[in-house]
Amino acid sequence: MKFKIKLKDISFIVLIALYITSNVLPLEINNLDEIWNFNFARCIANGLIPYKDFNIIQGPLLPMICGGLLKIFGQEMIITRFITIIVDTIIIFMIFKIMGKLKIKEFVKYIIVIILAIIMKPYFAIDYNWASLLNILIILYLEIKNKENKKKSYNILIGLISGLLITIKQTTGIVITLAVIGYKIFEIRDKKEIKEYIKGAILRTIGAAIAPIFMIIILLKLGALNDYIDYCILGISTFSNKISYIDRLIKNSNILIRFLSIFNIFTYLILIYMYIKKSKKETLILLLFSIISLIFVYPISDEVHFVIAIPITLISMGYILDKLINKFGQYPKIEIIITCILEVTIITTSIFCFAKGMNRYKNLNKNTELNHFKYLPIEEQGILNIKEIDDFIESKEKQVIIQDATAALYMIPINRYNKNYDMFLKGNIGSKGEEGQIEILKNSTDKIILIRNDNYQRNWQNPEKVRTYIKNNMKKTGQIGIFDIYE
């Protein structure tokens, strides 16, 4: 994929990076997704085998990449934050480039980017959903750029990139890969095109199989394939939690998110009408990728998943808006004025946010005591709370297990890992689910278990059956911090 990098592109990339940095670097360490994903990468950097040595329900590609970078640059969370800044900057730049390929007017492109910057602001992170979004955007860019390309190498490349999605997150990846392979069936108009479709679909399937086959071979060699199946395929059936799209998004207090969660349906209907009327391939491509991106909001339809699902729909909205503007006439002078105003707004906002963010980062209490969290903001009391729990763990001869969603926060600084327990959530503990964990507890009497005290709110995915078993069958011997101690 070749980009013509212009000075304007470089300037835009820098402005995006400044804006994202201003939001990512000053964040205090309280985002569990960030903690878990850092812990996955740290485990791999320390030589642990995913699925076999630590529980994880996503594909291994992203933690392997991040783990490799941690091994090179040091095992500190600040490294994964810089990875976040790079990945999310590329995502927004790719969205901008895709709109350029669609020949959307400059000021419309800026409006879409500003909307994305607003809704993404609280949720910039590094995890499999953001990595998957980046891959989808690359595929979309290539598909729009090469609408008529029927070369073998091109179809194999598209398949290869979609296959990588399966190694990032298997469920999302399979759905998107099937769509990428099959959507061109809607372009068929005669027998000749049937043959072309079949040929292209076969090549894309071959390309899509490459990355998963390599993943399976590696897992076999590591002796972790059965564990992968247990956690990533069979274990998914034990995940029973979901968040309603209507309750969380359509009724959201954020007016922008509420509007987008409703208006996206009208966007798809308009795209269908446009494709039926003019049969433009780019319209079909936008329609397909907008709809399949909704896979990100199933079954958890919350804000963080929505802002990852909506970018391609926003591109489609920009595309529709551009066509409407063209239909009602050309006003070049007005467009130039609006474009200049938006450019100045983006420049000044990015610089202002960066200055404000860096000043905030400078004034926050930054940790220098806890390993792997150095140079990142943590309140002094938060550091003392973690050290209190860690000192307790290290003072005991018995293995101390924290059966809580926050366990990794305490285990990371003392370089410990307890499989299943350091990400103790429904759907993340294998095919035997909570019953399997209860059986393990029944057969083990030499452990100290910490569970969150009833006075403190638990994570919504906390395995309550296991908690109930502990309270009913083990003896409470005390309390430390927010945890009750059971032996």
Side-chain angles (χ1 to χ4, degrees), residues 1-2 50-51 56-65 87 90-91 94 98 127-188 193-222 224-225 228-229 231-234 236 281-282 284-296 298 308-309 311-312:
M1 179 169 54
K2 294 182 180 179
Y51 317 111
I56 176 175
I57 62 167
Q58 67 191 61
L61 182 60
L62 182 63
M64 285 175 66
I65 292 171
V87 170
I90 296 171
I91 284 172
M94 283 297 304
I98 289 166
D127 70 14
Y128 60 80
N129 285 320
W130 288 92
S132 296
L133 174 60
L134 177 57
N135 272 45
I136 295 169
L137 291 170
I138 292 171
I139 295 170
L140 178 60
Y141 177 86
L142 290 172
E143 290 282 58
I144 290 171
K145 183 183 178 184
N146 304 279
K147 294 189 291 288
E148 305 299 331
N149 197 326
K150 298 177 182 177
K151 291 182 180 178
K152 290 182 180 179
S153 57
Y154 172 75
N155 281 308
I156 290 174
L157 175 62
I158 291 293
L160 178 62
I161 298 170
S162 65
L164 286 172
L165 283 162
I166 299 173
T167 67
I168 294 172
K169 176 61 175 174
Q170 61 284 352
T171 48
T172 305
I174 289 170
V175 171
I176 294 168
T177 298
L178 289 174
V180 169
I181 292 170
Y183 86 93
K184 284 183 176 288
I185 196 170
F186 296 107
E187 296 179 353
I188 295 173
E193 290 183 345
I194 292 175
K195 291 181 181 179
E196 289 293 336
Y197 164 75
I198 293 172
K199 183 179 177 182
I202 291 171
L203 291 171
R204 291 185 178 212
T205 302
I206 291 170
I210 293 172
I213 287 172
F214 269 101
M215 180 186 74
I216 290 169
I217 291 171
I218 291 170
L219 291 175
L220 274 171
K221 189 173 181 180
L222 294 172
L225 183 59
Y228 171 82
I229 293 170
Y231 282 95
C232 295
I233 299 174
L234 302 178
I236 296 296
K281 291 186 177 181
E282 62 191 33
L284 176 63
I285 294 168
L286 286 174
L287 176 63
L288 166 84
F289 281 84
S290 295
I291 292 174
I292 63 172
S293 293
L294 293 178
I295 188 68
F296 288 116
Y298 179 82
I308 296 169
I312 299 177

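Counting from 1, the numbers follow the sequence of the chain as shown.
- Y51 pairs by the ring pair (Phe, Tyr, Trp, His ring centres under 6.0 Å) definition with Y228, not counting sequence neighbours.
- From I181, atom CD1 reaches atom CD1 of I176 across 12.0 Å, with rounding to the nearest 0.5 Å.
- Taken to the nearest 0.5 Å, the CD1 atom of I198 stands 11.5 Å off from the OG1 atom of T205.
- Residues satisfying the side chain to side chain contact (heavy atoms under 4.5 Å, CB included) criterion with Y197, sequence neighbours excluded, are K184, I185, I188, A201.
- Proximity of L142 to I161: side-chain heavy atoms (C-beta onward) are separated by under 4.5 Å at one or more points.
- Annotation for I166 and G173: closest pair CG1-C, 3.6 Å, computed over non-hydrogen atoms.
- Here the straight-line distance linking atom CD1 of I91 with atom CD1 of I308 works out to 7.5 Å at 0.5 Å rounding.
- Applying the side chain to side chain contact (heavy atoms under 4.5 Å, CB included) test to D127 and every residue at least two apart in sequence or in another chain returns N37, N129, W130.
- In this structure E187 satisfies the side-chain hydrogen bond (donor to acceptor under 3.5 Å, both in side chains) test with no other residue, sequence neighbours excluded.
- Residues forming a side chain to side chain contact (heavy atoms under 4.5 Å, CB included) with I210 (at least two apart in sequence, or on another chain): L160, F214.
- To the nearest 0.5 Å, the span separating CD1 on I139 from CG on L134 amounts to 10.0 Å.
- Residue pairs satisfying the side-chain hydrogen bond (donor to acceptor under 3.5 Å, both in side chains) criterion with at least one member in residues 159-183, sequence neighbours excluded, are listed as follows: E143-Y183.
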Could you pull out every donor-acceptor pair under 3.5 Å between side chains of residues 288-295 and any protein atom, sequence neighbours left out?
from: S290; atom 1: OG; to: L286; atom 2: O; distance (Å): 2.7
from: S290; atom 1: OG; to: I312; atom 2: O; distance (Å): 3.4
from: S290; atom 1: OG; to: S316; atom 2: OG; distance (Å): 2.8
from: S293; atom 1: OG; to: F289; atom 2: O; distance (Å): 2.7

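- At least one donor-acceptor pair under 3.5 Å links the side chain of R204 to the backbone N or O of V180.
- To the nearest 0.5 angstrom, I57 atom CD1 is 11.5 Å from Y231 atom OH.
- Rounding to the nearest 0.5 angstrom, the gap separating the OH atom in Y128 from the CG atom in L133 is 13.5 Å.
- Residues P212 and A208 come closest through the heavy atom pair CD-O, 3.0 Å.
- In this structure I218 satisfies the side chain to side chain contact (heavy atoms under 4.5 Å, CB included) test together with L222, sequence neighbours excluded.
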